[in-house]
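The structure appears below as structure tokens.
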Amino acid sequence: MTDDPEEGMLSWDESVFRDEHVFEIDHVPETFRHRSSQMESLKYALRPAVRGSRPLNVIVRGPPGTGKTTAIQKLYGELRAETDVRVARVNCQVDSTRYAVFSRLFEEVFEYEPPTSGVSFKKLFGQITEKLVEEDEVLTVALDDVNYLFYESEASDTLYSLLRAHEAHSGAKIGVVVVSSDLDLDVIESLDGRVQSVFRPEEVYFPKYDEPEIADILDERVKRGFHDGVIDPPTLDRVAELTAEQGGDLRVGIDLLRRAGLNAEMRASKEVEREDVEDAFEQSKHVHLSRHLKGLSESERALLEVLAEHDGELAGDIYEAFQAETDLGYTRYSEIINKLDQLGLIEATYTSVDGRGRSRELSLAYEADAITDRL
Ligand SMILES: Nc1ncnc2c1ncn2[C@@H]1O[C@H](COP(=O)(O)OP(=O)(O)OP(=O)(O)O)[C@@H](O)[C@H]1O
Ligand SMILES: [Mg+2]
């Protein structure tokens, strides 16, 4: 051994990362452990599509970060590579209206974008189903994060159109997988009666991973993402423990590994220490918050900013400040409150106010700084 002070230190052209991409938020992992029963159920439901029949509809539920999107990506990847089934995964956080959903489907079926204006929904819908019939193709649609369609009151219309496609155009075969991570939302109960009567999906549940499962999955990620010996088992166990504490959302663990790696590099160290993990946690524990904020519209963000200044006040009083910022009417204001409440970003609680009956008190569900820093 030498007493070289540089021993154990990174040089400029070295990194703790073997492959940093595996820690990115939209990376689809090569191995997908602890989800074989869910994958089997999904395959069972989709199998008829491979034979040219309409697949079973499915509802996938489970808390955030439990592998629901990954399961769909894996299955759809296989279907795309090995069969003639058309697959389309729609991210409803981005495409949150019926029109936007069908524009995405159009793109999938025609392999080019629909005209940006002047096409009625009816026409768009007709073109999609006609093409499916013409080509004798089965389309399986995953409405990922379907809860966002509910927040915009677009869920019933969207599902109705999808589920009745074969009636509108005989021979059109479309199956639907709806994915929800909002456990407070009763998807079926929240749909109109006319949709409920045609929607009897198979249910597939993705439970939280327990701590040993989290450690196992993260260990796999570490092997691919870091060089050998960068993180020792007790430190990795600490990452798994913190992830389990944050509701078991695997995104927290993956983000922690990446940030802890960057922290180690900042110290020019070849090894991730426990301290690097603890420091990273302050940021990583909010991955959830960041994800929700990313999908918000300008006026929704505006309300959060106003609330940061008026935390805990009554909705009626806060409205003035909100209107000054956005010029929006009270109805739209109420809708935004409801959406942010359902997303768990704010808490809206009814209280009785002297002379004014019942009114809602609005408060932020996170520290104001954590929110404004990320907006
Ligand atoms: N079994 C697993 N093996 C490897 N990686 C996994 C596994 N389950 C989840 N992940 C990883 O965890 C992260 C979150 O998974 P995913 O996006 O599939 O969760 P989700 O259930 O769709 O969450 P949300 O409800 O918030 O959308 C992804 O980066 C994914 O790669
Ligand atoms: Mg998801």
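Any value given below was found using the heavy atoms of this structure, including those in side chains, with hydrogens, waters and symmetry copies removed. Just so it is clear, the structure is predicted and the values come from calculations on it, not from any experiment.
The aromatic rings of Y330 and Y333 lie perpendicular to each other, with more than 60° between the two planes, well past the 30° mark. Ring pair H34/Y209 is perpendicular by interplanar angle, where above 60° counts as perpendicular and below 30° as parallel. Between F322 and Y319, the two ring planes are tilted [angle within 30° to 60°].
Of the possible donor and acceptor atoms, none in the side chain of S96 sits under 3.5 Å from a partner among the backbone N and O of Q93. Of the possible polar contacts, none joining the T66 side chain to the G62 backbone as a donor-acceptor pair under 3.5 Å is found. At distances below 3.5 Å, at least one donor-acceptor pair connects side-chain atoms of H166 with backbone N or O atoms of L163. Not one N or O on the side chain of D192 forms a donor-acceptor pair closer than 3.5 Å with the backbone of R194. Listed for the S269 side chain is no donor-acceptor partner under 3.5 Å among the backbone atoms of E265.
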Could you walk me through whether Q38 and S41 pass the side chain to side chain donor-acceptor pair (under 3.5 Å) check? CA-CA 5 Å; Q38 286 80 1; S41 306; over 6 Å; no
Set out, in order, the CA-CA distance, both residues' side-chain angles and the distance that settles salt bridge (charged side-chain N to carboxylate O under 4.0 Å, His left out) for K131 and E134, then state yes or no. CA-CA 5 Å; K131 171 96 169 168; E134 221 172 75; 5.6 Å; no
Stepwise side chain to side chain contact (heavy atoms under 4.5 Å, CB included) test for Q196 and I188: CA-CA 7 Å; Q196 282 179 15; I188 309 273; 4.2 Å; yes
Stepwise, does the side chain to side chain contact (heavy atoms under 4.5 Å, CB included) test hold for L304 with L293? CA-CA 10 Å; L304 288 175; L293 294 179; 3.5 Å; yes
Test K285 against E245 for salt bridge (charged side-chain N to carboxylate O under 4.0 Å, His left out), laying out the working first. CA-CA 10 Å; K285 68 178 181 192; E245 274 172 24; over 6 Å; no
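Atom CZ of F110 has more than 12 neighbouring heavy atoms from other residues, nucleotides or ligands inside a 6.0 Å radius. Heavy atoms of other residues, nucleotides or ligands lying less than 6.0 angstrom from CG of D84 number 12 at most. The number of heavy-atom neighbours closer than 6.0 Å to CD of E113, taken from other residues, nucleotides and ligands shown, is 12 or below. With a 6.0 Å radius and a threshold of 12 heavy atoms from other residues, nucleotides or ligands, E367 has its CD atom at or below the threshold. In K208, the NZ atom is not crowded: 12 or fewer heavy atoms of neighbouring residues, nucleotides or ligands sit closer than 6.0 Å. Shown here is Y44, whose OH atom has no more than 12 heavy atoms of other residues, nucleotides or ligands within 6.0 Å.
Both L262 and L236 belong to a common hydrophobic cluster when Ile, Leu, Val, Met, Phe, Trp and Tyr are linked at side-chain heavy-atom distances under 4.5 angstrom. Note: the hydrophobic cluster containing V50 also contains M39 (ILVMFWY, side chain heavy atoms under 4.5 Å, direct or indirect links). Hydrophobic clustering, with ILVMFWY side chains joined whenever heavy atoms are under 4.5 angstrom apart, groups V16 together with L256. Taking hydrophobic clusters as Ile, Leu, Val, Met, Phe, Trp and Tyr residues chained together by side-chain heavy-atom distances below 4.5 Å, L364 shares a cluster with L362. By the rule that hydrophobic residues join a cluster once side-chain heavy atoms approach within less than 4.5 Å of another member, L105 and V138 end up as members of separate clusters.
In terms of heavy-atom proximity, V176 sits nearest to N57 at N-OD1, 2.8 Å. Heavy atoms only, all atoms of each residue included: R259 and S284 are closest at CD-OG, 3.4 Å. Considering every non-hydrogen atom in both Y148 and C92, the closest pair reads CB-O, 3.4 Å. Pairing each heavy atom of L124 with each of V119, the nearest pair is N-CG1, 4.0 Å. Residue S299 comes nearest to L328 through the heavy atom pair CB-CD1, 3.5 Å, listed as atom of the first residue, atom of the second, then distance. Nearest approach of A142 to I72, heavy atoms of both residues: CB-CG2, 3.7 Å.
Under 4.0 Å is where a charged nitrogen must lie from a carboxylate oxygen, and between R33 and E213 no such pair does. A salt bridge does not link E154 to R98: none of the charged side-chain nitrogens sits closer than 4.0 Å to a carboxylate oxygen. Under the 4.0 Å criterion applied to side-chain N and carboxylate O atoms, R80 and E108 are assigned as salt-bridge partners. With respect to E335 and K339, no salt bridge is recorded, no charged nitrogen being found less than 4.0 Å from a carboxylate O. Electrostatic pairing of D145 and R291 counts as a salt bridge here, judged by a charged N lying under 4.0 Å from a carboxylate O. Comment: R267 engages D276 in a salt bridge, judged by a side-chain N to carboxylate O separation of less than 4.0 angstrom. Between E111 and R86, at least one side-chain nitrogen of the basic residue sits less than 4.0 Å from a carboxylate oxygen of the acidic one, meeting the salt-bridge criterion. Between D19 and R221 there is no salt bridge, since no side-chain nitrogen of the basic residue lies less than 4.0 Å from a carboxylate oxygen of the acidic one.
A donor and an acceptor atom, one from each side chain of E40 and S37, are nowhere located under 3.5 Å apart. Side-chain polar atoms of R374 and Y366 form no donor-acceptor pair below 3.5 angstrom. Between the side chains of T243 and Q246, no donor-acceptor pair is found at a separation under 3.5 Å. With 3.5 Å as the limit, one finds a donor-acceptor pair spanning the side chains of T31 and E220. Residues H21 and E24 bring a donor and an acceptor atom of their side chains to less than 3.5 Å of each other. Side chain to side chain, S180 and D182 fail the donor-acceptor criterion of an N or O pair below 3.5 Å. Of the N and O atoms on the side chains of E305 and T372, not one donor lies less than 3.5 Å from an acceptor on the other residue. Using a 3.5 Å distance cut-off with no hydrogens or angles, the side chains of Y76 and T140 do pair a donor with an acceptor.
D144 meets the side-chain contact (heavy atoms from CB on, under 4.5 Å) test with T69, R89, V179; sequence neighbours excluded. In this structure, E189 has no salt bridge (Lys or Arg N to Asp or Glu O under 4.0 Å) partners at least two apart in sequence or on a different chain. The salt bridge (Lys or Arg N to Asp or Glu O under 4.0 Å) test applied to D136 returns K173, not counting sequence neighbours. Take R301 and apply the salt bridge (Lys or Arg N to Asp or Glu O under 4.0 Å) test, not counting sequence neighbours, and it matches no residue. In this structure, the salt bridge (Lys or Arg N to Asp or Glu O under 4.0 Å) partners of R18, at least two apart in sequence or on a different chain, are D228.
By the 4.5 Å heavy-atom criterion applied to side chains, V28 and K74 are counted as neighbours. Side-chain contact between D255 and R258: present, with at least one pair of heavy atoms (C-beta onward) separated by less than 4.5 Å. When side chains are defined from C-beta on, V141 does not count as touching V177, because their heavy atoms never get closer than 4.5 Å.
Proximity of the aromatic rings of F125 and F106 is defined here by a centroid distance below 6.0 angstrom, and this criterion is not met.
Atoms OG1 and CZ, from T83 and R47 in turn, are 11.0 Å apart once rounded to the nearest 0.5 Å.
Note on residues 314-329: pairs passing salt bridge (Lys or Arg N to Asp or Glu O under 4.0 Å), not counting sequence neighbours, are D317-R356.
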